[in-house]
Amino acid sequence: MTTWFRIYHEDEDLWLCFDADDEGWATRQVDVRGADAQPVTAASLEEVLQLRDHADPAAMGRYERQFGVLSDGSLAGWRDQPRAGEISAEEFERLWAAARPALDGSP
């Protein structure tokens with residue numbers, strides 16, 4: 001079952017928002033900073049795997065500089081983080097839809 005949730009890192013004023021699979025691994029991640037929710041990360045496991053399997057390391061580096069780095073481990077225990085909470089699929093999709101073009105340089 002897919003779970004959508006967020007974790008707050010106060011020292012960085014950063015919300016990490018996840019679309020996680022039933023095993024607790026991130027399939028997509030959006031990180032936003034500050035009161036204006038400036039996108040920092042909008043990375044997808046599907047894209048990362050595609051690049052890993054079919055592109056060179058330079059392409060992966062370009063992707064990570066543009067869209068950030070996807071968390072690479074189980075997110076089990078996220079509920080124990082301060083200010084952690086579930087978000088709706090709609091909220092995650094809204095964040096994703098805003099972050100991707102912002103990081104892509106598209107309108």
Side-chain angles (χ1 to χ4, degrees):
M1 181 172 141
T2 301
T3 306
W4 299 272
F5 61 93
R6 65 184 186 176
I7 300 168
Y8 186 64
H9 287 201
E10 187 171 0
D11 57 331
E12 298 178 55
D13 193 18
L14 186 69
W15 284 102
L16 286 72
C17 305
F18 297 97
D19 175 345
D21 67 16
D22 58 351
E23 295 179 7
W25 290 74
T27 56
R28 291 185 296 164
Q29 178 176 345
V30 176
D31 300 346
V32 294
R33 177 171 285 125
D36 61 348
Q38 180 65 38
V40 177
T41 301
S44 159
L45 179 61
E46 181 179 340
E47 293 168 348
V48 168
L49 294 176
Q50 177 71 19
L51 287 168
R52 182 198 71 190
D53 295 344
H54 303 288
D56 60 21
M60 180 65 80
R62 286 189 299 274
Y63 179 87
E64 290 179 343
R65 283 189 299 280
Q66 184 170 6
F67 294 110
V69 177
L70 182 71
S71 292
D72 66 345
S74 174
L75 299 167
W78 66 267
R79 287 180 176 87
D80 300 330
Q81 300 296 316
R83 297 180 65 181
E86 288 192 27
I87 60 174
S88 67
E90 293 79 15
E91 174 68 6
F92 184 89
E93 294 302 334
R94 184 189 65 75
L95 290 165
W96 181 261
R100 287 299 286 211
L103 295 174
D104 190 25
S106 303

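Across all non-hydrogen atoms, the minimal contact from Ala97 to Pro101 is O-CD, 3.0 Å. Between Val48 and Met60 the shortest heavy-atom distance is O-CE, 3.3 Å. Among all heavy-atom pairs drawn from Gln66 and Asp104, the shortest one is NE2-OD1, 2.8 Å.
Residue pairs that meet the ring-ring contact (aromatic ring centres under 6.0 Å, His included) test with at least one member in residues 32-64, sequence neighbours left out, are Tyr63-Phe67. A ring-ring contact (aromatic ring centres under 6.0 Å, His included) check over residues 69-90, counting only residues at least two apart or in different chains, returns the pairs Phe5-Trp78. Listed by first then second residue, pairs satisfying salt bridge (charged side-chain N to carboxylate O under 4.0 Å, His left out) with a partner in residues 48-59 number zero, not counting sequence neighbours.
The ring-ring contact (aromatic ring centres under 6.0 Å, His included) search around Trp96 returns none, not counting sequence neighbours. Considering only residues two or more places apart in sequence or on other chains, Arg62 meets the side chain to side chain donor-acceptor pair (under 3.5 Å) condition with none of them. Residues passing the side chain to side chain donor-acceptor pair (under 3.5 Å) test with Glu91, sequence neighbours excluded: Arg94. With sequence neighbours excluded, the residues that form a side chain to side chain donor-acceptor pair (under 3.5 Å) with Arg79 are Glu86. Not a single side chain to side chain donor-acceptor pair (under 3.5 Å) links Ser74 to another residue, sequence neighbours left out.
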Per-pair distances, 0.1 Å, donor-acceptor, side chain in residues 35-44, under 3.5 Å, sequence neighbours excluded:
| residue | atom | partner | partner atom | Å |
| --- | --- | --- | --- | --- |
| Thr41 | OG1 | Asp31 | OD2 | 3.2 |
| Ser44 | OG | Glu46 | N | 3.3 |
| Ser44 | OG | Glu47 | N | 3.4 |

What donor-acceptor contacts under 3.5 angstrom involve side-chain atoms of residues 18-25, with partners at least two apart or in another chain?
| residue | atom | partner | partner atom | Å |
| --- | --- | --- | --- | --- |
| Asp19 | OD1 | Thr27 | OG1 | 3.1 |
| Asp19 | OD2 | Arg28 | NE | 3.1 |
| Asp19 | OD2 | Arg28 | NH2 | 2.9 |
| Asp21 | OD1 | Glu23 | N | 2.9 |
| Asp21 | OD1 | Gly24 | N | 3.0 |
| Asp21 | OD1 | Trp25 | N | 2.9 |

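With a 4.5 Å cut-off on side-chain heavy atoms, Cys17 and Phe92 count as touching. For the pair Asp13 and Tyr8, the minimum side-chain heavy-atom distance is below 4.5 Å. Within the 4.5 Å cutoff, the side chain of Leu70 has no heavy atoms near those of the Asp72 side chain.
Rounding to the nearest 0.5 Å places CH2 of Trp4 at 13.5 Å from CG of Leu95.
One hydrophobic cluster, built from ILVMFWY side chains closer than 4.5 Å, holds both Leu16 and Leu75. Each of Leu103 and Val30 belongs to its own hydrophobic cluster when Ile, Leu, Val, Met, Phe, Trp and Tyr are linked at side-chain heavy-atom distances under 4.5 angstrom.
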